[in-house]
Amino acid sequence: MKYWLAKSEPDVYGWDDMVKEKEATWDGVRNYGARNNLMAMEMHDKVLIYHSNIGKEVVGIAEVSKEHFPDPSDHTGKWASVKFKPLRKLKKPVPLSFIKTVPELKDMVLVNNTRLSVQPVLEEEFEKIVALSEE
DNA sequence: GCCAACGTTGGC
DNA sequence: GCCAACGTTGGC
């Protein structure tokens, strides 16, 4: 079981849109690092969904419901896409500004490489964020 | 709206 | 293969 974090701008496609559609196709990723992460995902891996720009917070947990396949929005055949199924919304969103103050989370890619839109998360980090969302 | 950080492109 | 120029992302 692996853990990930995926970013999305909520005014383009956010948590609520995922829930409405029951399953989200994560396409349009045009960054090699992010693509490599998409391709490393396996069924049922857990994914934190993060809202960038508006909110700047982790809002929910999803799981991988379809492993990588060619990105339908791409015609070069270079890019990959996956599908996520929303599992549950966090009781309380966990904002980036707060994550930055938590010593256990200071090494998260989210904090150190703000521009990577699909990134790995350690199990401890994942658990910590879930715990923080329930305080 | 600005700007820093980073990734990608293209000239050499 | 290096590096400058440029474009994009995303926090503030």
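In what follows, every heavy atom counts, from backbone to side chain, and hydrogens, waters and symmetry copies are set aside. Residue numbers begin at 1 in each chain, while the letters A, B, ... track the order of the sequences. Quick caveat: nothing in here was measured; it's all calculated off a predicted structure.
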Spacing of A:His51 atom NE2 relative to C:dC12 atom P, expressed in whole Å: 18 Å
Determine the interplanar angle of the A:Tyr13 and A:Trp26 rings, folded into 0 to 90°, and report it as parallel if under 30°, tilted if 30 to 60°, perpendicular if over 60°. perpendicular
Just how far, in rounded Å, is C1' of C:dC12 from CD of A:Glu57? 16 Å
Starting from P on C:dG10, measure out to NZ on A:Lys56 and report it in whole angstrom. 12 Å
Atom pairs, protein N/O to nucleotides 3-7 of chain B N/O, distance under 3.5 Å:
residue	atom	partner	partner atom	Å
B:dC6	O4'	A:Arg115	NH1	3.4
B:dC6	O2	A:Arg115	NH1	2.5

For C:dC12 and A:Lys100 - does any side-chain N or O of the residue sit under 4.0 Å from the phosphate oxygens OP1/OP2? yes
When rounded to whole Å, the CD to P distance for the pair A:Gln119 and C:dT9 reads 16 Å
Report the residues that fulfil salt bridge (charged side-chain N to carboxylate O under 4.0 Å, His left out) with A:Lys83, sequence neighbours left out, ordered by chain and then residue number. none
In the hydrophobic clustering (ILVMFWY, side-chain contacts below 4.5 Å, transitive), which residues join A:Trp79, or is it alone? A:Tyr32
OH of A:Tyr50 versus P of C:dT9: gap in Å, rounded? 15 Å
Without decimals, in angstroms, what is the distance between A:Leu96 CG and C:dT9 C1'? 14 Å
Between B:dT8 (P) and A:Asn36 (CG): distance, integer Å: 10 Å
Any salt bridge linking A:Lys85 with A:Glu23? Criterion: basic side-chain nitrogen under 4.0 Å from a carboxylate oxygen. no
Say whether A:Leu116 and A:Tyr50 are linked into one hydrophobic cluster, either directly or through other cluster members, by side-chain heavy-atom distances under 4.5 angstrom. no
A:Lys7 NZ to C:dT8 P, straight-line distance once rounded to whole Å: 17 Å
Under 4.0 Å between a Lys/Arg side-chain N and an Asp/Glu carboxylate O for A:Glu67 and A:Lys2? no
